[in-house]
Amino acid sequence: MIVQQRRVSKSRKGMRRSHHALVAPTTLSCSKCGKQIKPHRVCPYCGYYKNRKVINVK
């Protein structure tokens, strides 16, 4: 079995966990309706993508 040889310091533990932080998803506003959407996707509220009507939304 693997047994820890030395205690991991708070600094080393923090450095290892430095990449575990959560980040907010990137959003931008739709050019037609102004709602917040994910980039490079059709707006689910108005159906536009790059100022073109792509889908019909009720």
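From a predicted model like this one, the values you see are computed outputs, not experimental measurements.
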Validation: residues 2-18 side-chain donor-acceptor distances under 3.5 Å, sequence neighbours left out:
| residue | atom | partner | partner atom | Å |
| --- | --- | --- | --- | --- |
| Gln4 | NE2 | Arg6 | O | 2.6 |
| Gln5 | NE2 | Val3 | O | 2.9 |
| Ser9 | OG | Arg12 | N | 3.1 |
| Ser18 | OG | Met15 | O | 3.0 |

So the side chain to side chain donor-acceptor pair (under 3.5 Å) pairs with at least one residue in residues 20-45 (sequence neighbours excluded) are Thr27-Gln36, Ser31-Asn51

Residues at least two apart in sequence or cross-chain that pass side-chain contact (heavy atoms from CB on, under 4.5 Å) with Val23, listed by chain then number, are none

Cluster membership besides Met1, Ile/Leu/Val/Met/Phe/Trp/Tyr side chains within less than 4.5 angstrom, sorted by chain and number, is none

The remaining residues in the hydrophobic cluster of Val42, counting side-chain heavy-atom contacts under 4.5 Å among Ile, Leu, Val, Met, Phe, Trp and Tyr, are Tyr49, Val54, Ile55, Val57

